[in-house]
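One structure below.
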Amino acid sequence: MNIYLIIRMRSHKVIGIRNLTSSTYVIRMEKNDFSFKTGQYITLGFTGSIDRREYSIYSSQNADYLEVLIKEVEDGLVSKKLKRCKSGDMLDVDGPFGHFSLQNEELQTKKFLFIATGTGISPIHSFVKSHPELNYSVLHGVRLEEEAYERDSYNKNQYILCTSREKTGDFHGRVTDYLKQNPISSDTVCYLCGNCHMIYEAYDILEKQGINLGPIHTEVYF
Ligand SMILES: Cc1cc2nc3c(=O)[nH]c(=O)nc-3n(C[C@H](O)[C@H](O)[C@H](O)COP(=O)(O)OP(=O)(O)OC[C@H]3O[C@@H](n4cnc5c(N)ncnc54)[C@H](O)[C@@H]3O)c2cc1C
């Protein structure tokens, strides 16, 4: 490990874990003196282990704790290990990293569309909690309604759940199907987060709808 990593890596104590579904959970850690810009991510792993992965920060930049939202991936190494962590465990945090952030000068004036699949909702949750006054809509794509993680965090009429495997969401189908059927206005600033297939497809749809691609922000998870 080089000296740069040794200096940046911090150990944070776990203060809680809450299970949102059988495979998805939120880890809350002490924040200590860590600061970040909403939308950024960290790398996380057990203190003393070399296995780490990137996780977007779920909590508000103003909260006095640090949270991440994680889905346990079948046969995944780190997401499985972290699911077993408990209060008092120490986790190594490095970061913050990334540029998937809101632009200060746009916060008051722009209309935002946040498009996410699965746990890609994590930085969006941080956006909304950090800036409750935002003019936003969230389009969240999941397979099952139970994956609408903590949907009460969003204003009811500003959150659209797209469920692909059951009809219990606000829209039955993928977020990309929703976008095709509901074109957005060209002055919307778009943030896309989740798996690369959704991001590529949504990007093409928005381009065809005449959205200025300059202000589209993306974060690819896998
Ligand atoms: C910038 C960034 C931010 C991220 N933020 C989050 C986050 O907030 N929450 C979160 O749960 N994950 C997030 N991820 C994914 C995360 O870093 C890990 O890839 C994931 O937890 C799997 O790690 P693992 O060690 O358990 O699996 P590994 O042993 O590394 O195996 C991973 C395999 O699972 C696939 N995979 C990775 N993620 C998923 C997924 N969600 N669903 C299905 N397959 C997947 C990979 O393509 C690979 O084939 C983020 C990734 C990046 C690059």
Side-chain angles (χ1 to χ4, degrees), residues 8-9 12 14 16-29 31 34 36-61 63 65-85 89 91-102 114-130 138-144 146-151 153-154 162-165 174-176 191-203 216-222:
R8 284 174 59 115
M9 200 75 76
H12 290 242
V14 174
I17 179 158
R18 58 182 189 277
N19 292 307
L20 305 189
T21 68
S22 58
S23 60
T24 307
Y25 55 99
V26 174
I27 298 177
R28 181 176 290 191
M29 292 162 273
K31 194 175 187 185
F34 186 88
F36 67 99
K37 211 170 164 208
T38 178
Q40 289 192 294
Y41 68 90
I42 54 174
T43 66
L44 192 66
F46 276 102
T47 297
S49 163
I50 56 163
D51 302 319
R52 296 182 208 307
R53 295 291 183 266
E54 301 90 353
Y55 294 104
S56 299
I57 299 168
Y58 184 65
S59 44
S60 160
Q61 64 187 16
Y65 49 80
L66 198 57
E67 285 184 337
V68 285
L69 168 75
I70 302 180
K71 182 177 172 68
E72 180 183 21
V73 171
E74 221 182 298
D75 301 325
L77 182 64
V78 174
S79 60
K80 240 185 192 13
K81 277 192 193 169
L82 287 172
K83 189 162 189 287
R84 295 197 296 267
C85 84
D89 284 349
L91 300 179
D92 277 350
V93 171
D94 193 15
F97 302 109
H99 303 282
F100 190 71
S101 297
L102 300 168
F114 302 134
I115 307 173
T117 48
T119 51
I121 197 71
S122 180
I124 313 300
H125 181 269
S126 180
F127 287 163
V128 169
K129 288 290 182 186
S130 301
V138 177
L139 201 51
H140 188 197
V142 294
R143 289 164 312 152
L144 309 172
E146 63 163 27
E147 295 163 321
Y149 310 122
E150 302 190 310
R151 72 179 290 175
S153 303
Y154 313 92
C162 301
T163 45
S164 58
R165 300 226 181 132
R174 296 173 186 275
V175 288
T176 43
Y191 283 73
L192 282 62
C193 185
N195 72 68
C196 60
H197 302 295
M198 178 282 280
I199 289 179
Y200 293 146
E201 206 186 327
Y203 206 88
I216 294 189
H217 305 262
T218 59
E219 187 80 289
V220 176
Y221 278 8
F222 64 98

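In listed order, ligands and their atoms are each counted from 1.
Note: Y154 and H125 have perpendicular aromatic rings, judged against thresholds of 30 and 60 degrees for the angle between ring planes. Using bins of under 30°, 30° to 60° and over 60° for the plane-to-plane angle, the ring pair Y191/H217 lands in the parallel bin.
Here R18 pairs with E67, E150 under the side-chain hydrogen bond (donor to acceptor under 3.5 Å, both in side chains) rule; sequence neighbours left out. By the salt bridge (charged side-chain N to carboxylate O under 4.0 Å, His left out) test, E54 pairs with no residue at all, sequence neighbours left out.
Using a 4.0 Å heavy-atom cutoff, V220 is listed among the residues neighbouring ligand 1. Within the structure, the closest approach of V68 to ligand 1 does not fall below 4.0 Å when heavy atoms are considered.
Looking at L69 next to ligand 1, an N or O pair under 3.5 Å apart turns up.
Within the listing of ligand 1, atoms 17 (O), 23 (O), 24 (P), 25 (O), 28 (P), 29 (O), 30 (O) sit less than 4.0 angstrom from a heavy atom of R53. The ligand atoms of ligand 1 that sit less than 4.0 angstrom from a heavy atom of V78 are 24 (P), 25 (O), 26 (O). Atoms of ligand 1 lying under 4.0 Å from any heavy atom of L77, numbered from 1 in the order shown and given with element: 24 (P), 25 (O), 26 (O), 27 (O), 28 (P), 29 (O).
Note on R52 versus D94: no salt bridge recorded, every NZ/NE/NH1/NH2 to OD/OE distance being 4.0 Å or above.
When non-hydrogen atoms are compared, ligand 1 lies under 4.0 Å from the backbone of Y221 as well as from its side chain.
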